[in-house]
Every structure is written in structure tokens, then in C-alpha cells.
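Read through the structure below, which is laid out as C-alpha cells, and then see the notes.
Heads up: numbering here begins at 1 and tracks the sequence.
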Amino acid sequence: MKKIALFFAFVLIMVSCRNSIEYDATGIFEANTVTVSSETSGKLVLFDINEGDSIIAGQQVGLVDTILLALQQKQLHSQQLSTEKSSPDIAAQAAALRSQIAHQQNECDRIARLLANGAATQKQSDDANAQLRTLRGELEGLLSTLDNNRSSITESVSALQYQKEQIEEQIRKCYISAPITGTVLQKYAEQGEYATPGRPLFKMANLNDIYLRSYFTASQLAHIRIGQEVTVIADFGGDERYEYPGRIVWIAQESEFTPKSIQTQDSRANLVYAVKIAVKNDGRLKLGQYGEVRL
């Protein structure tokens, strides 16, 4: 009877020793989460998502009321058209003066011929040329004024265009879209509520590519490196344990005190280094689930 007891004690010791070296580190499965917030103020007229929904990057999931912005956009468009129509027709307004200048030029040429033949006086010639210079000066002044008016109107049209673009950008921000492809983890607002800039609306994460945040002691650092392939064991309770291929993608540069929920081979270790191990999720892994790492 004593021998049987010793045998079972030996088996228990062997099992305990074997279990103590089944893993090199432990941790919790996590994912990079993204919190989507409102970029503008207004009533949520559409917000059709639920926790657990799978959405793709760029998919529209909500809309903030855009009625006032749309009305402002139409008003600016009307102002822009009205301003553009007020731009002067330089050619038409200068046509009369150009005609007078052409007529006066002919008159000057006629008087010059008469003066050459002695049929006109020098004063007549001087007066005609003076009149021509006056008309040319008036044309130059008119063209300058009309050009300044047109430039001012063009700048006004450009300013209105910039305002329209600002309204368009505000309207664009009213459309709430998913920034990444993933799963909705939490929903913080409901359709019909009032959204404000910066207010979180929902949180999501890509649950296909998650990672195990584990902790290694200083003595283990010499055996791990970025890009190293390791084995990740997910513990589902009882005898349900599944192995997944993992890859080390990040190693902390500074140590930290061992979290209370983390086990290490060296129970005396106080300082450990956080390590992220990327794992491809087959749908069974859940965030916050316990996992182990075997190098």
C-alpha cells in the first residue's frame, strides 16, 4: 500500500514538473481598438449598427443631420452665380471709346494732309491730336477701372467658392464611416441622440489579427527577438487548449513590475518585459482570454 502511495506521489510530481515547463510566458489576448467619434454637431438621423456587427473600411454606418448645411450650400451657390453675373464686359463697355478713338485718328490724319497742303492750321492739328490723346487716356482709365472691378469680383467668387468647399467638408464629416475593417465592440450612442464633436460613437477592432500581450523575465530576453516564430496556446478551460502559430512583433524597451494576473516561470521575478505576439484568429479567440507562449 505504501508503494502505491509513493507511485502516485511520483506521478503527481512528474505531472507538476511537466506542467511547470509547458509554457515560457503567459498573457491576455488583445486587439488594436479604434474609437470613432463625431466630427460635427447635430442630430443622429441614422446610426444603424449594433455591437458584434462586422463592418468594412469606408462603410457608412451613421449620418448627422445636414439640412442646415445643405441650405447654406444652396445660398452660397446663388450668391456665387449673382456675383459672377455682375462681372463687367470690358470689351462691350470699351467699344464706344474705341470707336471714338478710331474716328478721331481718322480726323487727325485728315487734318495732317490738309496741313501739308496749306489748307489747315497748326492749331487745328494740335487740337485734333490733343483730343485723340484725351480719348486714349479715357480708354486707358476705363480699362484699368473695369479690370480692377473684374479682379475684385473674381476674388469675391473665389471667396464664395472656398466657403462652399468648407460647407462641403462639413457635410462630408456628417457621414460616419468605419475607419477599418473589423467588429463593433461597443456602441456609445443611439439614433436620434445629439452628437457633438469629439463624442465617442462606437469602438471597433479587427478581430482577425489580434495579439497576445505576454511578459518575459530579463533572463528570457536573450532567447526572443522581433520576428521570431513562437507557439501560442489558448486556454478555453478544462482540457480545451488549442495551439496557434504566433510571431513576436514588439518587445518593450523598459521593464515593469509583474502584473498580478501574469504568471512567470520564476515566481521571484518582479520586473518583466511586455511582448506582443501576433496571432491569426480563427474565430475562437476572444479578447481578454488567457493564453500561454512556448518558445
Side-chain angles (χ1 to χ4, degrees), residues 31-97 138-209 287:
N32 291 321
T33 61
V34 177
T35 300
V36 180
S37 302
S38 174
E39 296 185 80
T40 186
S41 300
K43 181 180 179 181
L44 279 169
V45 296
L46 175 66
F47 195 48
D48 190 20
I49 59 169
N50 295 296
E51 294 179 356
D53 286 352
S54 296
I55 52 181
I56 61 176
Q59 178 180 338
Q60 182 185 337
V61 297
L63 176 65
V64 177
D65 188 9
T66 61
I67 292 178
L68 290 178
L69 292 173
L71 292 174
Q72 291 178 27
Q73 188 180 41
K74 290 182 178 180
Q75 182 182 14
L76 287 172
H77 182 68
S78 297
Q79 291 179 359
Q80 189 177 33
L81 291 177
S82 177
T83 304
E84 288 175 346
K85 289 180 180 179
S86 67
S87 181
D89 188 341
I90 295 178
Q93 295 192 36
L97 265 178
E138 290 178 3
L139 177 62
E140 184 177 348
L142 177 63
L143 291 176
S144 177
T145 300
L146 293 176
D147 187 61
N148 289 336
N149 289 342
R150 173 175 283 183
S151 297
S152 177
I153 290 172
T154 300
E155 290 176 359
S156 297
V157 171
S158 297
L160 290 171
Q161 179 61 32
Y162 292 143
Q163 293 181 46
K164 284 178 59 180
E165 292 175 0
Q166 290 175 5
I167 296 295
E168 290 172 0
E169 178 63 16
Q170 292 180 40
I171 291 176
R172 185 193 66 78
K173 290 181 178 180
C174 289
Y175 291 86
I176 303 164
S177 303
I180 62 172
T181 297
T183 303
V184 178
L185 301 179
Q186 287 181 290
K187 184 180 178 182
Y188 305 116
E190 295 293 338
Q191 184 172 315
E193 293 184 8
Y194 191 84
T196 55
R199 177 191 175 184
L201 299 177
F202 66 97
K203 180 169 70 173
M204 64 179 300
N206 179 6
L207 299 184
N208 292 325
D209 298 308
L287 301 185

Which pairs, with at least one residue in residues 146-156 and sequence neighbours excluded, count as a salt bridge (Lys or Arg N to Asp or Glu O under 4.0 Å)?
none

For Val36 against Pro179, the heavy-atom pair lying closest together:
CG2-CD, 3.6 Å

Quick one: closest heavy-atom pair of Ala178 and Met204, and the distance?
CB-SD, 4.2 Å

Please answer whether the main-chain N or O of Gly141 pairs with a side-chain N or O of Thr145 as donor and acceptor at a distance below 3.5 Å.
yes

Contacts of Asn206 that satisfy side chain to side chain contact (heavy atoms under 4.5 Å, CB included) - sequence neighbours left out
Asn208, Asp209

Let me have the donor-acceptor pairs involving side chains of residues 89-97, under 3.5 Å, with sequence neighbours excluded, atom names and distances please.
from, atom 1, to, atom 2, distance (Å)
Asp89, OD1, Ala91, N, 3.4
Asp89, OD1, Ala92, N, 3.3

Please list every donor-acceptor pair under 3.5 Å in which a side-chain atom of residues 167-174 meets a protein atom from a residue at least two apart or in another chain.
from, atom 1, to, atom 2, distance (Å)
Glu169, OE1, Arg172, NE, 3.1
Glu169, OE2, Arg172, NE, 3.2
Glu169, OE2, Arg172, NH2, 2.5

Arg199: what forms a salt bridge (Lys or Arg N to Asp or Glu O under 4.0 Å) with it, not counting sequence neighbours?
Glu193

Can you list the residues that meet the side chain to side chain contact (heavy atoms under 4.5 Å, CB included) rule with Asn50, with sequence neighbours excluded?
Asp53, Lys187

Got a sec, which residues hit side chain to side chain contact (heavy atoms under 4.5 Å, CB included) with Ser86, two or more places apart in sequence or on another chain?
Thr83, Ile153

For Pro197 and Ser41, the nearest pair of non-hydrogen atoms, with its separation, is CD-OG, 3.0 Å

Under 3.5 Å, is there a donor-acceptor pair between the side chain of Ser144 and the main chain of Glu140?
no

For a side-chain contact (heavy atoms from CB on, under 4.5 Å) check, start with the C-alpha distance between Ile176 and Leu44, then their side-chain angles and the critical distance, and finish with the verdict.
CA-CA 10 Å; Ile176 303 164; Leu44 279 169; 3.6 Å; yes

Table please: side-chain donor-acceptor pairs of residues 54-69 below 3.5 Å, with sequence neighbours left out.
from, atom 1, to, atom 2, distance (Å)
Gln59, OE1, Ile56, N, 3.2
Asp65, OD1, Ile67, N, 3.1

Please name all residues satisfying side chain to side chain contact (heavy atoms under 4.5 Å, CB included) with Gln191, sequence neighbours left out, ordered by chain then number.
Leu46, Phe47

From OG1 (Thr33) to CG (Leu207), nearest 0.5 Å:
10.5 Å

Partners meeting side chain to side chain donor-acceptor pair (under 3.5 Å) with Tyr188 (sequence neighbours left out)
Gln186

Less than 3.5 Å apart, which donor and acceptor atoms pair up between the side chains of residues 71-81 and the rest of the protein, not counting sequence neighbours?
from, atom 1, to, atom 2, distance (Å)
His77, ND1, Lys164, NZ, 3.3
Ser78, OG, Lys74, O, 3.2
Gln80, OE1, Lys164, NZ, 3.1
Gln80, NE2, Gln161, OE1, 3.0

